[in-house]
Amino acid sequence: MQESRLFKIVYYLLDKGQATAPELAEKFEVSVRTIYRDIDALSAAGIPIYAEAGRNGGIHLMNGFVLDQAVLSKEEKQEILTALQSIHIMQNIDSSQILQKLSAIFHLDSHNWLEVDFSRWGNNGFDNKKFDLLRSAVIHCKNVKIHYAGSYEQISERIIQPYKLIYKACAWYLKAFCTEKQALRIFKLNRILDLEILQESFPYRKFPEPAEIPAEEYPLVTLRFPQEMAYRVYDEFDQTQIHRQADGALIVSAKMPEDAWLTGFLLSFAAQVDILSPAYLKEEIAKQAKLIYEKYKT
């Protein structure tokens with residue numbers, strides 16, 4: 001407890017410049033006598049701290065004092081370097097010089113253990129550029145014109161006011177206000193085919209979160225996959241939803257929304273999935289598979 005208070009006293013003085021003993025006593029909820037004992041302990045530990053009497057007196061740190069890096073543990077130093085690496089990667093900030101300086105001060109190597117590439121395989125970096133442009137638009141509150149491939153419609157042109165990039169379920173999304181619909185919408189980044197940042201700005205405001213259907217209101221879907229589809233099953237489902245059978249087959253039970261996405265998702269497994277329940281979902285998949293067959297049988 002005392003060690004924590006000693007550090008806090010130093011941080012407080014670094015921030016304020018000076019303080020009186022009664023001021024410190026009130027802040028840290030101890031007696032003035034305890035504060036003076038703390039000052040003696042800090043001085044004995046090599047911290048250049050002193051008390052000055054008089055009308056303008058108080059407790060000071062020597063001018064030019066910088067908190068020694070030794071107060072940080074090795075783990076804390078590594079966490080600082082890791083955080084800077086993450087900022088450098090996610091926000092395209094040139095923090096390499098800062099990393100080099102802190103690595104030298106901490107006597108630690110800054111291992112480049114994290115790499116983030118937003119582009120899909122064979123994309124040649126367009127997804128990375130798209131992410132950077134949208135991040136800039138969010139930060140500077142700029143309107144953006146996009147061409148978007150929607151779920152049910154043709155490719156449409158939208159003017160949006162972007163306000164947050166989110167990563168969910170292995171994909172990036174953009175929360176934005178659609179000026180055409182006059183409502184908050186969520187756009188999947190992969191479906192934004194091209195974009196242009198416009199000159200017009202919009203006033204920042206906190207948009208209300210869209211209402212979400214609770215997962216418990218979705219129907220329970222039970223599926224069976226052969227063992228050779230394990231790589232795909234573990235990509236798509238949480239391990240708690242998967243039960244491996246004695247023969248290696250995988251039974252998946254998950255609550256999923258009933259919509260066109262679910263139909264397309266199940267069809268993407270072709271003949272490598274058995275729908276155990278609900279029964280009506282089997283009929284819908286059979287209907288869609290028949291339409292596909294009729295389309296391509298010739």
Side-chain angles (χ1 to χ4, degrees), residues 86 90 113-123 127 130-131 148-153 163-176 178 181 183-193 207-297:
S86 301
M90 297 298 294
W113 65 275
L114 180 64
E115 180 178 346
V116 176
D117 187 348
F118 298 107
S119 63
R120 288 160 285 183
W121 297 107
N123 184 261
D127 286 337
K130 183 194 304 182
F131 186 90
Y148 189 72
S151 298
Y152 302 102
E153 302 176 3
Y163 90 102
K164 185 183 290 186
L165 285 158
I166 60 173
Y167 184 78
K168 185 177 179 62
C170 302
W172 280 98
Y173 298 86
L174 175 70
K175 287 186 177 181
C178 178
K181 303 293 184 181
L184 182 66
R185 291 288 186 267
I186 298 178
F187 301 93
K188 192 171 185 178
L189 258 61
N190 286 347
R191 296 185 187 176
I192 298 177
L193 306 183
F207 292 107
E209 295 295 331
E212 294 186 0
I213 301 175
E216 55 268 19
E217 295 186 15
Y218 291 142
L220 181 66
V221 178
T222 305
L223 311 168
R224 184 182 186 277
F225 299 91
Q227 184 175 2
E228 56 267 26
M229 292 300 293
Y231 74 97
R232 176 90 187 275
V233 172
Y234 284 106
D235 271 350
E236 304 288 354
F237 297 97
D238 185 81
Q239 188 173 350
T240 59
Q241 300 170 321
I242 305 169
H243 303 280
R244 186 178 288 273
Q245 305 300 293
D247 62 354
L250 303 169
I251 303 295
V252 173
S253 296
K255 292 188 175 182
M256 307 175 75
E258 298 175 89
D259 53 20
W261 171 86
L262 178 58
T263 304
F265 173 73
L266 293 176
L267 285 170
S268 71
F269 289 95
Q272 298 298 310
V273 58
D274 292 326
I275 301 171
L276 304 182
S277 66
Y280 63 83
L281 189 55
K282 297 181 185 181
E283 298 173 4
E284 178 62 25
I285 295 299
K287 175 183 175 182
Q288 294 298 323
K290 184 177 180 180
L291 290 174
I292 294 172
Y293 170 75
E294 293 295 333
K295 183 175 181 178
Y296 293 108
K297 69 179 182 179

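Along the sequence shown, residues are numbered consecutively beginning with 1.
- Looking at heavy atoms from C-beta onward, L223 lies out of side-chain contact with V233 at the 4.5 angstrom threshold.
- From E236, atom CD reaches atom OH of Y231 across 10.0 Å, with rounding to the nearest 0.5 Å.
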Return a table of donor-acceptor pairs under 3.5 angstrom between the side chains of residues 285-292 and protein atoms on other chains or two or more places apart.
{"unit_1": "Q288", "atom_1": "NE2", "unit_2": "E284", "atom_2": "OE2", "d": "3.1"}

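- Classification of the W172-F131 ring pair by plane angle, with boundaries at 30° and 60°, yields perpendicular.
- Within the structure, the salt bridge (charged side-chain N to carboxylate O under 4.0 Å, His left out) test picks out the following pairs touching residues 237-247 (sequence neighbours left out): R224-D247.
- Here the straight-line distance linking atom CD1 of I186 with atom OH of Y173 works out to 8.5 Å at 0.5 Å rounding.
- Under the 4.5 Å side-chain criterion, counting only non-hydrogen atoms from C-beta, Y218 is not in contact with M256.
- L220 is listed as a side-chain neighbour of S253, based on a closest heavy-atom distance under 4.5 Å.
- Heavy-atom minimum distance, K130 versus I192: NZ-O, 2.8 Å.
- Pairing each heavy atom of F187 with each of C178, the nearest pair is CZ-CB, 4.4 Å.
- Using a 4.5 Å cut-off on side-chain heavy atoms (C-beta onward), M229 and L250 make no contact.
- Between Y163 and L184, some side-chain heavy-atom pair lies under the 4.5 Å cut-off.
- Shown here for K188 and A171, the closest heavy-atom pair between the two residues is CE-CB, 3.8 Å.
- Legend: residues meeting side chain to side chain donor-acceptor pair (under 3.5 Å) with E294, ordered by chain and number and at least two apart, are K297.
- For D235, there are no side chain to side chain contact (heavy atoms under 4.5 Å, CB included) partners two or more places apart in sequence or in a different chain.
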Identify each donor-acceptor pair in which a side-chain atom of residues 268-281 lies under 3.5 Å from a protein atom, sequence neighbours left out, and give them as a table.
{"unit_1": "S268", "atom_1": "OG", "unit_2": "R232", "atom_2": "NH2", "d": "2.7"}
{"unit_1": "S268", "atom_1": "OG", "unit_2": "F265", "atom_2": "O", "d": "2.4"}
{"unit_1": "S277", "atom_1": "OG", "unit_2": "T222", "atom_2": "OG1", "d": "3.3"}
{"unit_1": "Y280", "atom_1": "OH", "unit_2": "E258", "atom_2": "OE1", "d": "2.5"}

